[in-house]
Amino acid sequence: MDRFRGLAVLALIIVVLPLALRNSYHYDVAIRIGMNATMVVGLNLLIGYAGQISLGHAGFFGLGAYASAILTSRYGWPPIAAMISGMAAVGVIAFVVARPILRLRGHYLAMATLGLGIIIYMVLVNESGWTGGNDGMNVKAFSIFGFSLANERAWYWVTGAVLLVAIVLARNIVDSPVGRALRAVHGSETAAQVAGIDTARYKVRVFVVSAVFASAVGSMMAHYVGFITPQVSSFFHSIELVTMVVVGGMASTYGAVLGAAILTMLPQLLSRFEGYEMIVFGLILMLTVIFLPRGLVPTIAARLRKSD
Amino acid sequence: MFRSMLRTTGFALAALALSAGAQAQAPIKIGSVLSVTGPAAFLGDPEKKTLDLYVEKINAAGGVLGRRLELYTYDDGTSAGKANTFVKRLIEEDKVDILVGGTTTGSTMAMVPVVEKAQIPFISLAGAVVIIEPVKKWVFKTPHTDRMAAEKAFEDMKKRGITRVGLLAENSGFGQSGKKETLAVAGKYGMQIVANESYGPKDADVTTQLTKIKNTAGVQAILVFGFGQGPAVVTKNMGQLGITLPHYESHGVASEQYIKLSGRAAEGVRLPAAALLVADALPKNDPQKPVVVGYEKAYKARYKQEVSTFGGHAYDGLMIAVGAIKRAKSTDKAKVRDAIERTKGFIGTGGVVNMSPTDHMGLDLSAFRMLEIRNGTWTLVN
Amino acid sequence: MLSQTLQYFFSGLTNGAIYALSALGFSLIYNASGVINFAQGEFIMLGGVCAVMLTAAGVPLPLAILIAVLVVSLVGLMLEKLAIEPAGDADVVSLIIITIGASIFLQGVAQVVFGPGQRALAPFTGDAPIMIFGASLLPQSMWMMGTGALIVLILAWFFGRTRLGKAMLATAHNRLAARLVGINTRHVLALSFVISAALGAVAGVVSAPITLTSYDVGIMVGLKGFVAATLGGLGSGLGAVVGGLILGLTEALAAGYISSAYKDAVPFVLIILILFFMPRGLFGARASERV
């Protein structure tokens, strides 16, 4: 029941929101929220539900973005083929590294994922013959079957649809037997293993899914902006993504959407206060974890339930 | 939300002024996305200060076409992704008439697709050749290109009989683009790049790379392509290793900070840079003299800081924009664009600008002066 | 040829000494609290920045160093009291995120107070290089290595010979047991942050003449310190120092003999490979995970 209600509410918001969007700048912010939300919904599966931190997911985002950029611009592939190839390649990479990486616990896992992200970033920076290096490269507009996504309005609807699909996929994983196993993993891995659950396999699956989500969004963002730099795979971007999960609410799909919305709008709201953005960003991160350790949406939901 | 409230108040006040009989015309809105914070802050910071200062000055002198200038700036924190959103905000929300800004090549290139689609004139303050090559209808730039820097350095080396050069490039956008252009034009000047090394912008020690270059057979000079803190570390390390080979830097170090950070090791370093750095040393009959001395005085008086060529690029951009608006006698975007493209003989801090439909920068090699650091200050090499 | 290799070696040791000091800070806090403090690099940055600001204001260097260390220690204490302690028994992920938040926050503050530019601290004893077999070493590098060695000795004495140090070690091994024998584990936690912060500040000051300093120098030093600490095995003091030096040397040798473009990737490739085969680092063979 609950899952359909949430989905319906979100779909309604997506449909009604354009009434409040006055120009393509407003659409732009909405689109970025949608794309970030899609990725964070995936990352939340890993961090929120499986309790496995990743400080390197921007790396997968970057791989997807550059797969699209390079395959379409330098080899003339159709964008959709490039995007799917990127997702497949990232899926394979994630699958190969997942087992040894997810064997690690806590800080060692943080270290390994962080390292992975930084290595990807450095490859994108240094292979400038392919990627254009730090100055970035142009990306063609997205087109499929002769239709090209040329303006913000078109992108808005595509992004909205992709977000809804992503949420359905994520909810399916969460509510499946796999998902219940996942929650067990978050609670206590040893206990889950004792209960006969192959935790390693589940963790690998979620890791791959979240990486593929990131890659898909990377491709979309590259086509949407029309230009990318390796910064999209930087450590700081990975942190931004984790922050979205944490602020919105770990293990809460709609929390992830809210987190993405808040943190995407933040730089726009703070644009008058040059230099203070980092201070505010750092404070939000600390204060949320200290005072709302479960994040916004789960905390609010718990309050509402109590008052009922 | 807050800003729109402010603006509403502004409108109310304007209406009040109108009813009081004052003649008020809509201001000319100039939009700018600059990297005021982040790794490129030492470029973006003087750029923003320059724009603030000169918009104020122009308004005090009666504005342009009898209209006030209004400056809208956003800080992209040296992130190309943010620049892309902010330029949309400037065009759609703030409804600016012209864009001056884009501190880094990455930010500029992320703004270009939006600018071309919205058809609004855009004068970039970033360095790389890709911005104007191929020519983009609505995009111009004021700083010299990295290719010109390499050419100017090679020209000077040739005079000194140097043909074999060790290249040390930074892993930043500026350094990578500089490396590419350096390798591309080396042949034209009969130069041979005998060593090709890189370093990271935050490296604390590059003696390894320098030792490698020093021990390369036949190397006669070292050319460093980087900006900010990196070249200072390189310079210090060269002093430490006692490398006496002629040392060339790019225009990326053209600020007082480089000399301060490098200390004595900077002595004898040569670099191509705009005349602005040697304003006082320029001969009296130099056409740029009044412009650069005027800018230097105004900037120093206001901010109590040494000038850098980066702020100068912003000055040039703003003045080219203002000049074009005056000549177009309107803020009609197409007319202003055409007027910018017809800019001829504009004397800026960066040199004499002659734009054309095929050249959206309008500077030639003579815009660069070859400078040498002597006794802790810039001097002209003749 | 010898002089060339020796030069790489010196370069590696210079960088390695910074990484080692950074790694020691990570290990100290990890030992006492199980927290990986991502703001460790910021302690180093703040140390350098404070010293530069103070000397620029005319304060003599020794006094400037002392004040910088005190200021940063205070920051360390506040971090523990205001951010780590209130989080209570938060899990590893939450604690990592809090310290990352602190790191970004401190960078933001430094950027506003110090400005976005870079500045250099004058070398303590001049910059005439010392020549050894044709390779050169800066006096400041000697200062760094010397300070690093001194700190290691002091820490060894502190943990091996003093009551307080032993109490900290006991807390690291078993917090509950330590509390039962009358150790105030809260104070121990706070103390570990203060010591780490002070250590970071010292590292920041002695390295500032070489690395130069700005609001964002802490990130890479911090991350590589984390790599070094992990390499040596989290929580092992000796491991941290060895890890730091290995890291510095590997980087320099990679830059010299393989590719200077990819030298920054070397530490991360190294750590991932090591973790794949030795999931607890070189020297870390500590207790199993708490369930």
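Only a predicted model underlies this, so the values are computations on that prediction, with no experimental measurement involved. Letters A, B, ... are given to chains in the order of the sequence lines, protein chains preceding strands, and every chain is numbered from 1.
Per-residue counts of heavy-atom pairs under 4.5 Å with chain C were compared for A:P293, A:G115, A:A110; the largest is that of A:G115. Contacts with chain A were tallied for C:A87, C:G101, C:A102; C:G101 has the most, counting heavy-atom pairs under 4.5 Å. Counting heavy-atom pairs closer than 4.5 Å to chain A, the top residue among C:D264, C:L95, C:I271, C:L106 is C:D264. Most heavy-atom pairs under 4.5 Å with chain A: of the set C:P267, C:A261, C:S259, this distinction falls to C:A261.
In this structure, the portions of A:L116 lying under 4.5 Å from any heavy atom of chain C include both its backbone and its side chain. The parts of C:I100 that come within reach of chain A are both its backbone and its side chain, each placing non-hydrogen atoms under 4.5 angstrom from that chain. When heavy atoms are compared at a cutoff of 4.5 Å, A:F235 approaches chain C solely by way of its side chain, counted from C-beta outward. For a residue to count as touching a neighbouring chain, one of its non-hydrogen atoms must lie under 4.5 Å from one of that chain's; by this rule C:I97 touches chain A with backbone and side chain alike. Both the backbone and the side chain of C:V269 come within contact range of chain A, with heavy atoms under 4.5 Å apart. Neither the backbone nor the side chain of C:F26 comes within less than 4.5 Å of any heavy atom of chain A. Both the backbone and the side chain of A:V123 come within contact range of chain C, each with at least one heavy atom under 4.5 Å from a heavy atom of that chain. In this structure, no portion of A:F291 lies under 4.5 Å from any heavy atom of chain C. Only the side chain of C:I96 comes within contact range of chain A, with at least one heavy atom under 4.5 Å from a heavy atom of that chain.
Proximity of a side-chain donor or acceptor of A:Y49 to a complementary backbone N or O of A:A251 within less than 3.5 Å is detected. No donor-acceptor pair under 3.5 Å is formed between the side chain of C:S196 and the backbone N or O of C:L28. Using modelled atom types, no side-chain atom of C:S192 and backbone atom of C:I29 make a donor-acceptor pair closer than 3.5 Å. Without hydrogens or angle criteria, C:T99 side chain to C:F38 main chain gives a donor-acceptor distance under 3.5 Å.
Between A:A211 and A:A94 the shortest heavy-atom distance is CB-CB, 3.7 Å. Contact detail for A:I53 and A:I47: the closest heavy-atom pair is CA-CG1, 4.3 Å. Annotation for C:L245 and C:G16: closest pair CD2-C, 3.8 Å, computed over non-hydrogen atoms. Of all non-hydrogen atoms in A:T113 and A:L55, the two that sit nearest each other are OG1-N, 3.1 Å. Nearest approach of A:A58 to A:L241, heavy atoms of both residues: N-CD1, 4.1 Å. Listed here is the closest heavy atom pair of A:Q52 and A:L102: OE1-CD2, 4.2 Å.
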Verdict with reasoning, C:F276 to A:I101, per side chain to side chain contact (heavy atoms under 4.5 Å, CB included): CA-CA 7 Å; C:F276 280 4; A:I101 276 195; 3.6 Å; yes

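Residue A:R294 places its CZ atom among 12 or fewer non-hydrogen atoms of other residues, nucleotides or ligands, all under 6.0 Å distant. Heavy-atom neighbours of A:F236 CZ from other residues, nucleotides or ligands within 6.0 Å: above the threshold of 12. For A:F95, the CZ atom is loosely surrounded, since the number of other residues' heavy atoms within 6.0 Å does not exceed 12.
Interface with chain A: from residues 75-85 of chain C, residues C:L82, C:A83 qualify, criterion being any non-hydrogen pair under 4.5 Å. For residues 281-290 of chain A, a heavy-atom distance under 4.5 Å to chain C picks out A:F281, A:G282, A:L283, A:L285, A:M286, A:V289, A:I290, given by residue number.
By the 4.5 Å heavy-atom criterion applied to side chains, C:L234 and A:M111 are not counted as neighbours.
Partner of C:Y215 under the side chain to side chain donor-acceptor pair (under 3.5 Å) criterion, out of C:Q111, C:E42, C:Q107, C:Q118: C:Q111 alone.
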